[in-house]
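To start, the structure itself, in structure tokens.
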Amino acid sequence: MIVNRSDLQHNNFGKDYESGYRIVYLYPDNYRVGEYCKTVDGFMIGFAKSYPIIDEEDIPNFISTKDLLNRYLEEIQDILGVAIYDVNGKCIDKVYR
């Protein structure tokens, strides 16, 4: 499956991201571009144990891209796979069920 670069760069504020990463949810016949973060390890904030986040210790430590992607697979049951893409179109890593 080819992910469109413009989908990765587009944001909801009328500008394109020039750098950073996006989570891409993979389905059997399509994909959905999800969260944006400036760094790969920054996605871990989405797995904080409490909200609001009061202390950095509330955010799980980044272990690896595989660990991060497997956390998404555990949390979202209806996806076939999940990937991390650079906003310029390069796939950093992906995992499937």
Side-chain angles (χ1 to χ4, degrees):
M1 178 178 316
I2 297 173
V3 176
N4 190 324
R5 182 175 166 184
S6 64
D7 290 342
L8 296 167
Q9 291 179 331
H10 179 72
N11 67 33
N12 293 331
F13 303 107
K15 294 184 178 180
D16 286 345
Y17 296 118
E18 294 180 20
S19 63
Y21 302 90
R22 299 296 294 263
I23 296 295
V24 177
Y25 302 102
L26 306 170
Y27 297 90
D29 296 324
N30 61 1
Y31 65 88
R32 185 177 67 82
V33 177
E35 298 87 348
Y36 164 83
C37 200
K38 289 184 180 184
T39 63
V40 172
D41 60 335
F43 287 111
M44 294 303 289
I45 199 166
F47 298 101
K49 296 178 183 176
S50 64
Y51 292 98
I53 298 169
I54 297 171
D55 193 299
E56 283 190 30
E57 292 179 9
D58 294 338
I59 303 168
N61 290 328
F62 177 79
I63 298 169
S64 67
T65 56
K66 292 288 187 212
D67 174 67
L68 173 66
L69 294 173
N70 282 319
R71 288 173 184 263
Y72 279 102
L73 281 180
E74 288 175 17
E75 191 170 281
I76 305 168
Q77 297 300 314
D78 66 335
I79 58 176
L80 177 64
V82 63
I84 302 171
Y85 276 83
D86 182 288
V87 296
N88 292 315
K90 180 182 177 191
C91 180
I92 305 302
D93 204 352
K94 71 173 74 169
V95 296
Y96 290 93
R97 291 196 188 279

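A quick note: this is a predicted structure, and the numbers were derived from the prediction, not measured. By convention here, the first residue in the shown sequence is residue 1.
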* Partners passing side-chain hydrogen bond (donor to acceptor under 3.5 Å, both in side chains) against Y25 (at least two apart in sequence or in another chain) ->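 Partners of Y25 under the side-chain hydrogen bond (donor to acceptor under 3.5 Å, both in side chains) test: E35.
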Using a 4.5 Å cut-off on heavy atoms from C-beta on, say whether the side chain of [Y] contacts that of [X].
| X | Y | answer |
| --- | --- | --- |
| I23 | V82 | yes |
| V24 | R32 | no |
| Q9 | V87 | yes |
| Y21 | I84 | yes |
| K49 | I59 | no |

Please indicate whether [X] has more than 12 foreign heavy atoms, meaning atoms of other residues, nucleotides or ligands, lying under 6.0 Å from its [atom1].
| X | atom1 | answer |
| --- | --- | --- |
| D78 | CG | yes |
| K66 | NZ | yes |
| D29 | CG | no |

* Does the ring center of F47 lie less than 6.0 Å from the ring center of Y72? ->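 Yes.
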* Please lay out, stage by stage, how N70 and D67 fare under the test side-chain contact (heavy atoms from CB on, under 4.5 Å). => CA-CA 5 Å; N70 282 319; D67 174 67; 5.7 Å; no
* To do: Quick one: which residue pairs count as a salt bridge (Lys or Arg N to Asp or Glu O under 4.0 Å) with a foot in residues 5-24, not counting sequence neighbours?
  =>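 Those involving residues 5-24 do not exist here.
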* Other cluster members, F13 - Ile/Leu/Val/Met/Phe/Trp/Tyr, side-chain contacts below 4.5 Å ->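 Traced through the cluster, F13 reaches no other member.
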